[in-house]
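Report on the structure given below.
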Amino acid sequence: MAKHLGPWQQLSTEVVYENPWLRIEHHEVLTPANTEGIYGKICFKNIAVGVVPVDGDGMTWLVGQYRYPLDQYSWEIPEGGSALGASTVATAHRELAEETGLRAGRMYQLLNLHTTNSVSDECAEVFLALDLMAGESSPEDTEELVVQRLPLTEAIAMAMDGRISDAISVAALLKLSVLLGRSDGSIERLTASLERVE
C-alpha cells in the first residue's frame, strides 16, 4: 500500500542501520514525476539544541572541539541533543552548564531550524541565554572542549567569514545579528520580540 507524502509516494521502507542516536532508512518511492526511485533518509532520535549566551558586557561563549565526521576542529555555540519528547529548554540549560559552567536566569526562543532536510529529519532549536552566572562545567566523557569568552560581535564576524561553519551556530549568530540591528543593538529591546521560555 503506497503512502502519499505530498507529491511523492512511499512504496516501502526498510531500516538498514540503527544505533542509539539515529536510524537510516531505505525507501522505494514514486517521484513527483511518477517514476520509480529510491530515497535514503536519516531519522534522528534527538532534537539538536543550541544556546547563545550573552552577558551584560556584550560577551558570548563559544565551544571548540574536534568533529570526528569532518576530521577538523570546529568552533560552535554550546550544543547538545534533547531526546524526542523531552524539554528542549531543560536541555539548553543543561548543555550550557555542562559545556561552559554558565547558568542562565532567562532563556528566550531564538530559532527553529531543519539542518539537512534533503536527507534527514533533524530539527534544531536554539535559545538566547541571559542573566548569566558562572559555575563549574562538567563536559561528557566523549567531549574534549575548549571554551572561549569573546565579544558577540566577534562571534558574528566568525560566522560571516567562515571561521565558524557549524550550521546551527551560523544560523543562530546571524539571526541574532539581524535582530540586534533591528533593536538598535539592545539585547533588552530584542527580547521584547522573542518568546521567553522556562
Side-chain angles (χ1 to χ4, degrees), residues 1-52 62-96 98-99 107 109-129 139-145 155 158-160 162-176 178 195 197:
M1 187 78 158
K3 178 180 177 182
H4 291 270
L5 301 170
W8 293 79
Q9 291 184 59
Q10 184 185 94
L11 304 176
S12 67
T13 301
E14 176 188 2
V15 175
V16 295
Y17 175 77
E18 189 166 12
N19 67 30
W21 305 278
L22 58 84
R23 180 179 71 253
I24 299 176
E25 297 177 349
H26 173 83
H27 295 200
E28 298 286 337
V29 300
L30 288 179
T31 70
N34 208 35
T35 57
E36 292 185 0
I38 60 171
Y39 218 107
K41 180 180 175 184
I42 306 168
C43 303
F44 283 84
K45 298 182 180 181
N46 292 289
I47 295 174
V49 173
V51 187
V52 182
L62 294 177
V63 176
Q65 62 184 306
Y66 173 85
R67 286 298 191 182
Y68 182 89
L70 301 178
D71 189 20
Q72 69 182 45
Y73 203 79
S74 178
W75 285 103
E76 305 164 7
I77 63 174
E79 295 175 355
S82 184
L84 299 178
S87 166
T88 53
V89 180
T91 300
H93 280 285
R94 184 191 73 230
E95 290 296 330
L96 180 63
E98 282 182 3
E99 295 190 357
M107 282 270 193
Q109 183 87 42
L110 179 63
L111 178 68
N112 291 309
L113 180 72
H114 291 103
T115 59
T116 52
N117 63 8
S118 64
V119 295
S120 84
D121 63 3
E122 185 179 33
C123 298
E125 293 186 23
V126 182
F127 300 89
L128 172 64
E140 296 176 9
D141 293 342
T142 59
E143 297 175 321
E144 187 176 299
L145 308 178
M158 292 171 71
M160 286 293 294
R163 285 177 286 163
I164 296 176
S165 62
D166 171 67
I168 295 170
S169 301
V170 170
L173 289 166
L174 295 188
K175 181 169 184 179
L176 187 54
V178 169
E195 179 187 356
V197 291

Note: Leu113 and Ala167 closest approach over all heavy atoms is CD2-O, 4.4 Å
So for atom OH, which belongs to Tyr68, do other residues, nucleotides or ligands contribute more than 12 heavy atoms lying within a distance under 6.0 Å? no
Using a cut-off of 6.0 Å, state whether more than 12 heavy atoms not belonging to Ile38 lie near its atom CD1. no
Please find the pair of heavy atoms, one from Ala124 and one from Ile168, that lie closest to each other, and give the distance. CB-CD1, 3.8 Å
Rounded distance [0.5 Å steps], NZ in Lys175 versus CG in Leu111: 5.5 Å
Side-chain contact test, heavy atoms from C-beta onward, threshold under 4.5 Å: evaluate it for Asn34 versus Gln9 and give yes or no. yes
Just do the side chain to side chain contact (heavy atoms under 4.5 Å, CB included) check on Trp75 and Val63 with the steps written out, would you? CA-CA 6 Å; Trp75 285 103; Val63 176; 5.8 Å; no
Hey, does Ser74 have a side-chain heavy atom less than 4.5 Å from the side chain of Tyr66? no
Minimum heavy-atom separation for Pro20 to Lys45, with atom names? O-CD, 3.4 Å
Supply the atom-to-atom distance Gln65 CD to Glu99 CD, rounded to the nearest 0.5 angstrom. 6.5 Å
Which residue is it: Leu110, Val49, Leu96? I am looking for the one with a side chain to side chain contact (heavy atoms under 4.5 Å, CB included) to Phe127. Val49
Do you know the tightest heavy-atom contact between Leu62 and Ala155? CD1-CB, 4.3 Å
If you take all heavy atoms of Ile164 and Ser169, which pair is closest and at what distance? CG2-CB, 3.7 Å
Apply side chain to side chain contact (heavy atoms under 4.5 Å, CB included) to residues Glu36 and Leu30 and explain how you reach the verdict. CA-CA 5 Å; Glu36 292 185 0; Leu30 288 179; 3.8 Å; yes
Could you measure the distance from the CD1 atom of Ile42 to the CZ atom of Arg23? Nearest 0.5 Å is fine. 11.5 Å
Side-chain donor-acceptor contacts of residues 115-122 below 3.5 Å, not counting sequence neighbours, with atom names and distances?
from	atom 1	to	atom 2	distance (Å)
Thr115	OG1	Glu122	OE1	2.6
Thr116	OG1	Ser120	OG	2.6
Ser120	OG	Thr116	O	3.3
Ser120	OG	Glu122	N	3.2
Asp121	OD1	Phe44	N	2.9

Ile77 to Ala172 - nearest heavy-atom pair and separation: CD1-CB, 4.1 Å
Scan side-chain atoms only and decide if Glu95 and Ser82 contain a donor-acceptor pair under the 3.5 Å cut-off. no
Donor-acceptor pair, side chain of Lys41 and main chain of His27, under 3.5 angstrom: no
Mind checking whether Asp166 and Glu79 have side chains closer than 4.5 Å, heavy atoms only? yes
